[in-house]
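Counting convention: from 1, in listed order, for ligands and their atoms alike.
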Amino acid sequence: MTATAGAPRVAVRDDLRALEGYHSPQVDVRVRLNTNEAPVDPPAAWRDAFAAELSRVAWHRYPDRGATELRAAIAASHGVTPAHVFAANGSNEVLQTLLLAYAGAGRAVATFEPTYQLHGHIARLTGATAVEGERAPDFSLDLAEVRRVVAESRPTVTFLCSPNNPTGMVEPEAVVREVLDLAPGLLVVDEAYGQFAPWSALELVDDDRPLVVTRTFSKTWSMAAARLGYLVGPSWLVAELDKVVLPYHLDAAKQIAGRLALRFADEMTERVAGIVAERVRIAGALGSLAVEQWPSGANFLLFRPTRRTGNEVWQGLLDRSVLVRNCSSWPRLANCLRVTVGTPEENDAFLAAMAEVL
Ligand code: PMP
């Protein structure tokens, strides 16, 4: 196709003109520790079971629209009923569906920064006003600030992220309960990294509470390629999401992949323990280098070099074929870098490169 000079273009929605998309640069390196994925593939037995079931899919038919078996398996794993579970293409799509149903024009969505950028981004895409509260200087949640934000903007949706991306910090249970009391609308706790943390807000979910917890198969379950996430929340909320989500949004292969993954819960729990042990080891090693770091309950660590700039250290690591997330230019995160916990060998490579660069 040839571009015609001066050809009329259709203007994007006015409220989207100033927005940018969300990207994480993908660079070809030996050690990739920038996107918080699991360091290894799912178990071989999962692959075999998946291949066997795939061969029996009726490809000419639409998939089960309600993802009945998948939701039943997820529900059983959390001791709730399928009516409390909604699944979608990654937890990002879960968040999008939630916000399409509960945010939108004329409503406010509150976040406490720094946090996962997509919460505010998706809120804006639905036409809602994204209201940014500030965390305390140590990145913990400041309840006085929560009170101020909810009093001023009366958000329909308030987000917490625990462990928080990119800080790695876990919100204590007392804090989540307090925010639940303060928030006038829905409280969404994004637990994409929940399995790495010592407690989960899942235990607070109840039909009488406007609380939703989101989870993903992308991290613990080693299935980022599948794009599958879900929420556990009140049944009245799950019923409303059905109005917003596209028909047959979850393909047959994904429904099988997720259902079978849950059979390997014991193996995954073991892997989580291994990743947490490596996280503790990395944090210990960083402790003897010239960096400031934050206490992580996730599969990644946020740190700030104290004698060199974040950009210099990021480039130095890249020169040694180690890719971490460069948060240096993000608001409130000057000079910060975020490293995903990898295999022990990858973590060794990261630490060796860090020692050289610093
Ligand atoms: N929430 C948080 C806090 C995340 O860090 C991520 C992944 N970057 C997601 C949600 C989205 O995960 P996915 O869409 O792969 O489930």
Tyr102 side chain reached by Leu237 side chain, heavy atoms, under 4.5 Å: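 In short, these two side chains touch, coming nearer than 4.5 Å.
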Sidechain-backbone polar pair: Asn326 side chain, Gln315 backbone, donor-acceptor under 3.5 Å: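 Pair absent, no side-chain N/O of Asn326 close to backbone of Gln315.
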Full working for salt bridge (charged side-chain N to carboxylate O under 4.0 Å, His left out) between Arg227 and Glu93: CA-CA 9 Å; Arg227 308 302 301 124; Glu93 194 184 54; over 6 Å; no
is_close_aromatic(Tyr116, Phe159), centroid dist under 6.0 Å: no
Near ligand 1, at a heavy-atom separation below 4.0 Å: residues by chain and residue number: Gly90, Ser91, Asn92, Tyr116, Cys161, Asn165, Asp190, Ala192, Tyr193, Thr216, Ser218, Lys219, Arg227
N/O donor-acceptor pairs under 3.5 Å from side chains in residues 51-58, not counting sequence neighbours:
residue : atom : partner : partner atom : Å
Glu53   : OE1  : Arg259  : NH2          : 2.6
Glu53   : OE2  : Arg259  : NH1          : 3.4
Ser55   : OG   : Ala52   : O            : 2.6

Cationic N near anionic O, under 4.0 Å, Lys219 to Glu191: no
